[in-house]
2 protein chains.
Amino acid sequence: MIKARVTVIDIAKAAGVSKSTVSLVLQGSSLVNEGTRSKVNAVMRELGYVYNRGAANLRQAGAKSRIIGVVVNDLTNSFFAELAVGVDMVVQSAGFVQFLSNTGESIDRQREVVASMREHGISGLIVSPARATDAADFKPLVAAGIPVVVVVRNLPGAKVSSIVSDNRAGMMAAVEHLVGLGHKRIAFLGGFPDTAVFDDRLAGYRNGIEAAGLGYDEDLVISSAPSRAGGVEAIGKAIALGRRPTAAVCFNDAVAFGVCDGLRARRLEPGADFAVVGFDDVIEAQAAVPALTTVSVDPQGIGRRGAQMLLKQINAGKAEAETVTTAVRLVVRESCGAGKAAPARAGRA
Amino acid sequence: MIKARVTVIDIAKAAGVSKSTVSLVLQGSSLVNEGTRSKVNAVMRELGYVYNRGAANLRQAGAKSRIIGVVVNDLTNSFFAELAVGVDMVVQSAGFVQFLSNTGESIDRQREVVASMREHGISGLIVSPARATDAADFKPLVAAGIPVVVVVRNLPGAKVSSIVSDNRAGMMAAVEHLVGLGHKRIAFLGGFPDTAVFDDRLAGYRNGIEAAGLGYDEDLVISSAPSRAGGVEAIGKAIALGRRPTAAVCFNDAVAFGVCDGLRARRLEPGADFAVVGFDDVIEAQAAVPALTTVSVDPQGIGRRGAQMLLKQINAGKAEAETVTTAVRLVVRESCGAGKAAPARAGRA
DNA sequence: TGACAATATTGGAACGTTCCAAATAAATGA
DNA sequence: TCATTTATTTGGAACGTTCCAATATTGTCA
């Protein structure tokens, strides 16, 4: 068991040059002679040299650790897994690596992992914050000059960049579609009212309802946990209403699936007897029976976009916070009752 | 914009002690006086000190970076996302952080991320290898004394620890169950024959068939991509067979879902007209219609277990490779036609 | 040939920590 | 009081890189 690490000095000695030259080669400097370069490279390969980024970072004063921190609130939700994959794609091809952690909606955990990432000298952070995250939590990071991009859930008041989907427009489109199908009583089901995302989606719903000349009726807004179970609960309450709705837009796809479950438990067929529209377009949406009509937000795209934005800020050294909202589009499938769509499509590449 | 990093020396100066003492405090040494300790801690808080792990690792000769590398082959598959979450749980609570990367089944990518992780000085690696990974790929890691644990897919020939689920027993149980329901012609659908996992599952199928006194018939083994699309394809071929099977065990749940799709496209109802059993028990399995009878492998459990094993090896300094196969259990739901089970249960905590 | 530029190479001195051996201070025993 | 523990504290010297300023080497032009 030879534990001795091979260092740049070993290489230098073996190649008959100075450590400085080896360092130059490492950084692909054009200053070094072609012959020398290839010799050094050969020796490196031969001795099995592995670059010590820690040491390098030390010298480079925290500038470029080439580590990007990624924090998501629920990795078991495929929406966020996709997001992480999107980030990974661009981060990776830019020669960075991804430090990914899952907070499971715990803000304590979030604090921990962010602190830990900071200790490791991340050069930027992408975060989908846990519920009830304090906007001030990322203050120290940006004060230290570490770019932060908030995705999916925005943090009103925090002076960081953010990318959120156009929740309002998406929900409005969903309502319009249902109105176009002849529905007059459309409920808004699921979600916790204490989040910015909820507010946006609800606002879109309200806009859509009012634009259609239907009266906005508070009774038709039924919040619940943003989960499958929450959906079951919400549809239960909706059906118990005096003037029962004939359609619902849901806070997200998980809720929508729950709503479908709840409908079937009451011998109502989603799509045929009651129209259901989700939000997010998670992978399962197109495969479900009935296939879910939903608002597609392309989490992978958000991830890619967020990563690009972050990299831009890292390279720029200093960047002011920008906020983008990404377009969404309604994907009409079966659960809204708009007729059996063409046979389901294609896998993922 | 004051970029000056606060270092241990700044703290020392401000607290009127030496840097060595500050270092002692940092490591929670019992050598330092209680009064001094609290003073130092106070100053640290005041100046907003952040520990520089890079510098520490440098000195500690790569021993304890407290970084665990996690490499999965497909993060968009919830099976692996769950796995990562399981790892994260134990890794996190042991005070380590997780470096997670997705290879998307690309062995080039895998090589890249592993190299990158090594440069960052990970103290251990958990990997669910991409298809066709060369067992020698992890040789340098273990030679350098970095423990590696392979999960889910084993790497015959590699001298590393591994945790795989008991594929053989699981498939055998599935076959036995179908036999118990009266099926005589049971197909094995999906999966690529070039993987160890495929071999194991097929062996389990064969054992089950022969144990039941049914003849093993090669025609009933139809491989395909281990995906939903592959499932559609496989069931198509199965139905075209002369003596058509009446049931199938599938390579994994994705294939099983595809098989259900394919059945329905031919006006056959999975569960009623043809029995389908999957493998993995992905989250969607219990929510699907019909709920999928499948072999549950608890990816989160494997993740936790793998992480524990890895930590043990890290702490032990040197550990020989051990191999565990984790138990699996058949979860009977609807798709096998064993009668409507009790109403589906409960979410995830 | 000498002066100058261009091209390659190089020895320290950092970077922020931990470790070691040694120093200091305080407490104990005789 | 002095020697001897015991409890704290402390300066360097690493660790493996990068950066800087300086040096060697070569080539070019007059």
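So that the names make sense, note that chain A is the first sequence line, chain B the second, and so on, each numbered from 1.
Ranked by how close their nearest DNA chain D nucleotide is to the 5' end, B:Ala55 and B:Ser18 are led by B:Ser18.
You'll find that the side chain of A:Leu58 is closest to D:dG16, out of C:dT9, D:dG16, D:dT9. Distances were taken from every side-chain heavy atom of A:Tyr51 (C-beta onward) to each of D:dG11, D:dT18, C:dT9; the shortest belongs to D:dT18. Considering only side-chain atoms of A:Gln60, the nucleotide from D:dT18, D:dG11, D:dT17 that sits closest is D:dT18.
Side chains of A:Met117 and A:Ile67 form no contact here, defined as non-hydrogen atoms less than 4.5 Å apart. When side chains are defined from C-beta on, B:Ser116 does not count as touching B:Glu112, because their heavy atoms never get closer than 4.5 Å.
If you check distances only, the side chain of A:Ser20 does reach the base of C:dG11 with a donor-acceptor pair under 3.5 Å. Below the 3.5 angstrom threshold, one finds no donor paired with an acceptor across the side chain of B:Arg59 and the base of C:dT17.
Taking atom CG on A:Leu24 and atom P on C:dT7, their separation rounds to 15 Å, with Å as the unit. Atom-to-atom, CG of A:Asn52 to C1' of C:dT17 comes out at 13 Å; the value is rounded to the nearest Å. Nucleotide D:dT17 holds its C1' atom 13 Å from the CE atom of A:Met44, rounded to whole Å. Summarising the geometry, the separation between CG on B:Leu31 and C1' on C:dT24 is reported as 15 Å, rounded to the nearest angstrom. Put simply, NZ on B:Lys13 is 16 Å from C1' on D:dT10, counting in whole angstrom units. Going from atom CG of B:Asn33 over to atom P of C:dA27 covers 11 Å, rounded to whole Å. As rounded to whole Å, 14 Å separates atom C1' of C:dG16 from atom CZ of B:Arg53. Atom-to-atom, CZ of A:Arg37 to P of C:dT7 comes out at 15 Å; the value is rounded to the nearest Å.
The phosphate of D:dC19 has OP1 or OP2 within less than 4.0 Å of a side-chain N or O from A:Gln27. B:Thr36 has a side-chain polar atom (N or O) that falls below the 4.0 Å cut-off from OP1 or OP2 of D:dT9.
With respect to A:Glu46 and A:Lys39, no salt bridge is recorded, no charged nitrogen being found less than 4.0 Å from a carboxylate O.
Among the protein residues, A:Ser23 comes within range of the nucleic acid bases, having at least one heavy atom under 4.0 Å from a base atom.
Panel note: side chain B:Arg305, backbone B:Gln300; no donor-acceptor pair is recorded below 3.5 Å.
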* Asked: What do the steps show when you test A:Lys312 against A:Glu322 for salt bridge (charged side-chain N to carboxylate O under 4.0 Å, His left out), and what is the final call?
  -> CA-CA 12 Å; A:Lys312 201 180 66 187; A:Glu322 58 180 316; 2.9 Å; yes
